[in-house]
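To start, the structure under review is shown below, and the notes come after it.
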Amino acid sequence: QVQLVESGGGLVQAGGSLKLSCAASGRTFSSYVMGWIRQAPGKEREFVATISWSGRTTYYGDSVMGRFTISRDNAKNTVYLQMNSLKPEDWAVYHCAEAGVRFTTANLSEYGYWGQGTQVTVSS
């Protein structure tokens with residue numbers, strides 16, 4: 001069974017940075033597309049970023065492009081999200097997720113396994 005455990009969330013001032021980590025276990029991590037999805041209170045889930053199994057291909061949501069960077073270390077079964085220039089509107093619970101498809105995707109329905117999430121709070 002796939003398990004995804006996020007860490008690294010916290011409270012940060014606007015303009016600051018955080019780096020989230022997601023440790024995966026349960027099957028061959030390096031074979032799967034991974035993504036980060038966030039959900040703010042009272043809002044729908046929002047695609048943030050995705051990365052191919054090799055790490056060579058990445059894709060970002062419009063609201064985070066140029067500020068966030070997704071990466072992965074297949075030897076450590078871990079995917080990361082470096083978040084810079086944080087804004088109050090980035091305040092959300094951030095989930096990592098695994099997609100059962102071959103190519104990077106922003107389609108949330110293609111992510112079959114989700115972690116519990118880590119809270120990111122950005123103060124203005």
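The two residues Ala97 and Ile37 come nearest to each other via the heavy atoms CB-CD1, 3.8 Å. The nearest pair of heavy atoms linking Asp73 to Phe29 is O-CE2, 4.1 Å. Minimum heavy-atom separation, Ile70 to Tyr60: N-OH, 2.9 Å. Across Ser71 and Val79, no two heavy atoms sit closer than the pair O-CG2, 3.1 Å.
Using modelled atom types, no side-chain atom of Arg72 and backbone atom of Val33 make a donor-acceptor pair closer than 3.5 Å. Between the side chain of Asn74 and the backbone N or O of Trp53, at least one donor-acceptor pair lies under 3.5 Å.
By the side chain to side chain contact (heavy atoms under 4.5 Å, CB included) test, Val120 is found to be paired with Leu18, Leu20, Met83, Tyr94, Val122, residues two or more places apart in sequence or in another chain being considered. Applying the side chain to side chain donor-acceptor pair (under 3.5 Å) test to Glu110 and every residue at least two apart in sequence or in another chain returns Thr105. Under the side chain to side chain contact (heavy atoms under 4.5 Å, CB included) criterion, Val2 pairs with Leu4, Arg27, Glu98, Tyr113, not counting sequence neighbours. In this view, Ser25 and Gln3 satisfy the side chain to side chain contact (heavy atoms under 4.5 Å, CB included) rule, not counting sequence neighbours. Phe47 pairs by the ring-ring contact (aromatic ring centres under 6.0 Å, His included) definition with Tyr59, not counting sequence neighbours. Remark: Ser124 engages Pro88 in a side chain to side chain contact (heavy atoms under 4.5 Å, CB included) (not counting sequence neighbours). For Arg102, there are no salt bridge (Lys or Arg N to Asp or Glu O under 4.0 Å) partners two or more places apart in sequence or in a different chain.
For residues 26-56, the set of pairs meeting the disulfide bond (SG atoms under 2.5 Å apart) definition, not counting sequence neighbours, is empty. Within the structure, disulfide bond (SG atoms under 2.5 Å apart) contacts touching residues 30-70 (residues at least two apart or in different chains) do not occur. Residue pairs satisfying the side chain to side chain donor-acceptor pair (under 3.5 Å) criterion with at least one member in residues 6-19, sequence neighbours excluded, are listed as follows: Ser17-Asn84. Residue pairs meeting the salt bridge (Lys or Arg N to Asp or Glu O under 4.0 Å) criterion with at least one member in residues 34-48, sequence neighbours excluded: Arg38-Glu46, Arg38-Asp90. Applying the disulfide bond (SG atoms under 2.5 Å apart) definition to pairs two or more places apart or across chains, those involving residues 61-124 are Cys22-Cys96.
With Ile51 as the partner, the side chain to side chain contact (heavy atoms under 4.5 Å, CB included) test is satisfied by one option alone out of Leu81, Thr57, Thr69, Thr58: Thr58.
With rounding to the nearest 0.5 Å, the separation of CE in Met34 from CG in Asn77 is 9.5 Å.
Around atom CD of Gln116, no more than 12 heavy atoms belonging to other residues, nucleotides or ligands sit under 6.0 Å away.
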